[in-house]
Each structure stands twice: as C-alpha cells, then as structure tokens.
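Data block below; observations after.
Just so it is clear, the values below take in all heavy atoms, side chains as well, and ignore hydrogens, waters and symmetry mates.
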Amino acid sequence: MDEPRSAPLPPWWTRVHEAAQLLASELNAAVAHAARAGTYTPPPGSPPPRRRRQPGSLRHLAEVIRTHRLAPGVSADKDDIAAVLSGDPRHLADPALVVAVARASRLISGEPFAAIDADRLVVASSHVSALLDAAREADDRAPRAVPAPRPAPGPRVAPGPPAVTAPRTATSGAQPEVIDAYFTTRRPTRRRPLIAGAISALVLAGITLLALHRQEPHPPAPPAPPAAAVAAVTPLEHGHAPNDYLNSRPLQDALDHGFTSIEADVYLRDGTLVLCHRFEGDLCRDDRGARTTARPFEATYLQGLSARVKRHSGRVYPGYQQPVLLFVEIKCVEDAYGCRLPADPDAAATDENNPLVVAGRIMSALVPYRGMLFHADPAARRWGPVQVVLTGDHNEDQLPAGAHGSTSVRGLLAQQPDRYAFLDGSFAVDRDQYNADLVPVISFANPATTGACMTAGRDPIQTLHWDNIIKAQSTGHHVRASDPADCPDHDDAWTDALYAGVDYLSSKHLPQLGGWLTDNATGGGGGHCALPTWIAGARLQGQYCTLSTGNVPVMSRPDPRSPRVGTLSHGGATWFLGQQPGEPYVDHSTHNYWWAYTRADNGQWGWVSLVYFTDPGPDQSADGLQYGCYDVRPGENDDCHPL
C-alpha cells in the first residue's frame, strides 16, 4: 500500500522540488505562450498531418527540437519534455534539455532567444542538479529518513521483485493531463505570482553564477600528484580480469596491474552475497578444483572500491576519466533445465537460487555506494568512477517473479527508473539495438582461444565478428572478448582482437596480459578526453579531447573521401559529442578508422579523424569519448548528422 501523499519529504528533498518547480514554472509559461501565439508546421519532408495539430504540444516541441538540432547529444522525445514541464528534478537537472525546451517554445512563437536567456536557464538547471546530488548524499547518510519510493506511472507489468530505485523524487503540483498523447496536452494553470517569483529567483541566481557560464569550460585541472605507489600504475583501458576473486588478493591484484575491468561470481546465501564459482556443501569449489570458504562480495569489492575512490579524489586511478567496470556474474545451482528452483511459483519467486532475487539483492547492496557509481536516470547519464554490469548465463531466462507472472534479469533492470546496475549483452540480442544505456557492454568468447591453447588454424575475430563489433559500437556499446582457454600467452589472439576493435581483452594471467597491453595498447586512440560537461558556446553537453595540431579537416561523413565541410583551426582542447567507426584515414605514418563528431569553425557539423588526436594508437578508439551520439532512436539516422 502506498504511503499517504501528504507524507512529508525530508528537508533536502523539499529544497530540490522547490527549485525544480520554480524552473518548471518558467518553462510552462513559455510553452503556454507558444501554444497561444504559434502555429504548427510539420517537420521538413513530412506529409501534412491528417488532422489539425496543436502548436506547443509535447509532440510539436519534440519535433522542433530534433528538426532544428536544438539538443545534439541528448535524446528528447515527448515523454522527456512532459517530465521537464511536470517538474521532474532528474530531467530539469539536464541543462541541454531545459534550454532545448525553452528555445523550441520561442521558435514556435516566433520570438528571439538570446544567449543570456540560455545562460540563465543553465544556472537554474545546474542549481537543481547540485541540490539533487546533495539530497542523494543526504539519503546515504540517513537512509531511514527517506520515504519509500513510489513507482512511476506506466504500463502494467507482471508482478516481480520490487524495483530498487533512488529515493522518490516526487513533484508538487499537478501532472500534465494528456488529452491526446500524440498531438496535444492540457497543462496545469500557473498563477502569475508564481511565474514572477520563478523569474526573479532565476535572475538572482544568475547574477551570482552567470559569469561561470559565459566562458568555455576547459578540461579539469590535473589532480594533485598521487602517492608514489599509485603513480607507477598506468590504467590499461583494454584490460579485463575475469574471476578476479580467485586471485591471491582480489581487486588489489587487478588494480596493481592497471586493469580497468574486473569480474566476480556471486551467489546469495542466507541473505548475503558471497563470492563463489560453485557451491559443494558449505564450501566453494573454484574452476581449478580448490575448495575454500566463500568471501563476502560487498566487503571485497564495493567497500574496497569505495575506499580507493575516496583516497584518490573521486577516481579509481588518479586522472582516469572513464568508469572502471565491475562485472558481477550471477550464479545459481543448476540442473538440466537451468537454475534449480522450487516447483511452486511463489516459493521460486523468493528463492535465493532465483537470479531475479540475486539481482535484486545486488541492487540493494549498491544503494550505500551510489555516490561512486555511474548511473542513468530518465534525464541523463551521470558519470561515476565505477560502473556495475550484471552478467551470467541466465540473464535472459524468464524466471518466476510471483504467482501471476515471470520476468528476466534484463526485464528487471529495464524497469529501474534510476539505474545503478547495467546488463552484459550479446551480439544476437543487442548488436544493432539502441539500448546502450541498459546494455553498455556486449560480450563474446574469443574464437581463437576456445578449446586448447592454440591459435593456429582458428578463425580470427576480424573474420568472424568484424561486422558485429562495428555495428555494436556504432549503437553505443563496448565489446568484451572472453578467453575460455585461460592461456597465459595469446599474443596473436590479443593482436587480432585489438585490431578488430575489441574494447576489453580478458585473461586470468594478469602479468602477461598487463605487460602485453603496456607494450602494445597503452594510450588507446589518444585524445585524453575529459568528462562530459556543458559546452556554453554550443549550448550542449560534450567532451573535451585534445588535438595535436590545428587546421584539422572536418568531413561530412566518417570517410576521408566524403566532402570537407570545414576546419578546426586551433589545436589543443576541442569538444566532441561522440565517436564511431568509419573508413580508414591515413596521415603520414598514422592510420585510424575511428572518427569523432563535432562542429567546425564555420558552424557545420562533421567528423574528425582520430589521427589528429594527441598520442593516437593504431585503429583504436579515443580515450574516454563516448560511443555514438545518443541522440538517435530506432528507425532514425545513426551517424550523428543533423536531421
């Protein structure tokens, strides 16, 4: 039973919602004016609608945003816009979306939108974001004071394990009443004093912070020099440590070798997540035949990573701008039909051998560590130094979720409005899907290391999976190749995987793979790309990467034979929206088939070859720059070009 709607919020959440409602009030006023003064115009190339459409509707705003490229790098559909106008703090914390809604409203009403208007909204959105982060941190310090989250309205689903979410971000005021989900909405009326108060508050906030947003931000200053022991470790972007918990020093061995991806197997026993490959009675048997007592997962990995992040200024490795991946493989006692569960659906739905129950317990265990975790909410992706990815043989299985239904681990994660745990995917299901916010990684077994420790005569990855890898990365996914044979030396297989574009190479032999990566793949595609940030001059979210020279050509497509649309005249820090594979580009002795998307000095959008990035590796993607542009949906262009 839901708690009464009159239940008081903690003071930190009250401040969040007050700031969100002030900002939403101004946006609603602009949209209401657009509905009165504007006219509906269909997107270029679209047939006229069969019936009259209301200007300023959610669909109209979304069409204008996408047609005029008002929020490149951000997906903005009618549901996102509805959340902004209803005062959802998670959406209002995204300045790109807030500015896009305001600018679209002005375009519809035919009124100008000045730079100072955008700056003022950015200040207000940043204020909501700061309050939201502070509220989440306050919840971590006082979890019992947080009211139970309410599920967001949506389609009915089969009963299943409860979704694990961040604290409820309820909004005061009425939700938009949808008259026609495709064409128009009736928005709640706003009192003029409230609108005036909103504008006054935003202007006052802008006076103190506007100067911060008038200048182009630059990559963050390098952190203070770390301790000598840490300074000697070079993060290896391609290094994955499978079954890391079997090493003599779990977590620490992988980090001492610079690995940026780590994997551990977990069971749920007596309500506790433990590290184990296979249970035999009360002892764990690993894949080498040794029997040991199961170690606790949370203390070994979550507490260990949290302590390290706190020691090193919010990073696992000082100065490393990408999340370190923590793969958590869900294990279960199996029989011929999968996980061994009771025949009674109600009993099976709560059994500790049910992967759904294990996944729910993992998500609950992540709550105290939210401050260090990469996560995604309905408005945006939030960077964190650690990203948790659930993997396992049964993530796609339909499992008992209650007496009246079933679901899968994939389905459970997809239901989370605030996602702190993500899914490991496969080529068969995810290769060409626009779901990288749910499935950041696609994994497959390296065909050259399947079976005996021999690579001769086996088909290389470039022969079997080149198209799969390119397609997966074009839709935002990273790719991981496992090493089933667990051989200590796979130079040929690793070289093949690296040139096939694989992001994470796997080996339990950390010194061997670490040494090989240090000699052959340190630095990746170069560029030293910083975290996503607001680009004030372009009014969008982007990432600064470093160019080695000026007068860099910008091409119309990721192809050296395509028309040149402009130039980046200055080297050094330059912002980009994302990267994708394309056709090879050669400059002197450097070659690379990866391209980064940006806007040339003349305002034209286009692609820059990574050969112009600092310290480029041969045919490797740029350090830390996101894959894809995240502004496309199924059926739309996937090459980042303006519509």
Under the side chain to side chain donor-acceptor pair (under 3.5 Å) rule, what do His528 and Gln321 come out as? Steps first, then yes or no, please. CA-CA 8 Å; His528 310 293; Gln321 305 284 25; over 6 Å; no

Non-hydrogen side-chain atoms of Trp605 and Val565 separated by less than 4.5 Å: no

I'd like to know whether Tyr317 forms a ring-ring contact (aromatic ring centres under 6.0 Å, His included) with His312, so could you lay out the CA-CA distance, the side-chain angles of the two residues, the decisive distance to 0.1 Å, and finally the verdict. CA-CA 7 Å; Tyr317 297 102; His312 301 305; 8.8 Å; no

Which of parallel (below 30°), tilted (30 to 60°) and perpendicular (above 60°) describes Trp607 and Tyr597? tilted

Checking the side chain of Ser474 only, and the main-chain atoms of Ile470 only, is there a donor and an acceptor separated by less than 3.5 Å? yes

Check this for me, if you would: do Asp133 and Arg382 make a salt bridge, where the nitrogen-to-carboxylate-oxygen distance has to be below 4.0 angstrom? no

Tell me the closest heavy-atom pair linking Leu610 and Ser621, and the distance in Å. CD2-C, 3.7 Å

Is the shortest distance from a Lys or Arg side-chain nitrogen in Asp77 or Arg66 to a carboxylate oxygen in the other one below 4.0 Å? no

Find out whether Thr598 and Trp575 are in side-chain contact, i.e. whether some heavy atom of one side chain is under 4.5 Å from a heavy atom of the other. yes

Heavy-atom pair of closest approach, residues His477 and Gln433: NE2-O, 3.0 Å

Taking the side chain as C-beta and beyond, is there a heavy-atom pair between Ser105 and Arg103 under 4.5 Å? no

Donor-acceptor contact present, side-chain Arg106 to main-chain Pro112, <3.5 Å: yes

Taking the basic N atoms (NZ, or NE/NH1/NH2) and the acidic carboxylate oxygens, is any pair closer than 4.0 Å for Arg419 and Asp437? no

Shortest non-hydrogen contact from Gln579 to Ala622? OE1-N, 2.9 Å

For the residue pair Asn520 and Thr495, establish whether any side-chain heavy-atom pair is separated by less than 4.5 Å. no

Return yes if some donor-acceptor pair links the side-chain N/O of Thr67 with the main-chain N/O of Val64 below 3.5 Å, else return no. no

Please determine whether side chain to side chain donor-acceptor pair (under 3.5 Å) holds for the pair Gln626 and Gln543, giving the CA-CA distance in whole Å, both sets of side-chain angles, and the decisive distance to 0.1 Å. CA-CA 9 Å; Gln626 70 178 10; Gln543 291 177 258; 5.0 Å; no

Over all heavy atoms of both residues, which pair between Pro440 and Leu423 is shortest? Give the atoms and the distance, please. CD-O, 3.4 Å

Is there a side-chain contact between Val324 and Phe259 in this structure, where contact means two heavy atoms from C-beta onward sitting under 4.5 Å apart? no

Between Leu61 and Ala104, the two heavy atoms sitting closest are CD2-CB, 4.0 Å

Just wondering, do Thr260 and Tyr504 contact through their side chains at under 4.5 Å, heavy atoms? yes

Taking the six-membered ring where the residue is Trp, are the ring centres of Tyr593 and Tyr585 under 6.0 Å apart? no

Out of curiosity, Cys529 SG to Asp623 CG, how far, rounded to the nearest 0.5 Å? 6.5 Å

What distance do Leu107 atom CG and His60 atom NE2 have between them, rounded to the nearest 0.5 Å? 9.5 Å

So, Lys78 and Glu63, do they make that salt bridge, N to O below 4.0 Å? no

Sub-6.0 Å ring centroid separation between Tyr420 and Phe374: no

Give a yes or no on whether the ring-centroid distance for Phe613 and Trp595 is below 6.0 angstrom. no

Should the ring pair Trp594 and Tyr627 be called parallel, tilted or perpendicular, given that the plane angle runs from 0 to 90° and is split at 30 and 60? parallel

Test side chain to side chain donor-acceptor pair (under 3.5 Å) on Gln473 and Asp503 and set out the steps. CA-CA 10 Å; Gln473 292 171 335; Asp503 297 292; 3.1 Å; yes

Please determine whether a side-chain nitrogen of the Lys or Arg among Asp559 and Arg557 lies less than 4.0 Å from a carboxylate oxygen of the Asp or Glu. no

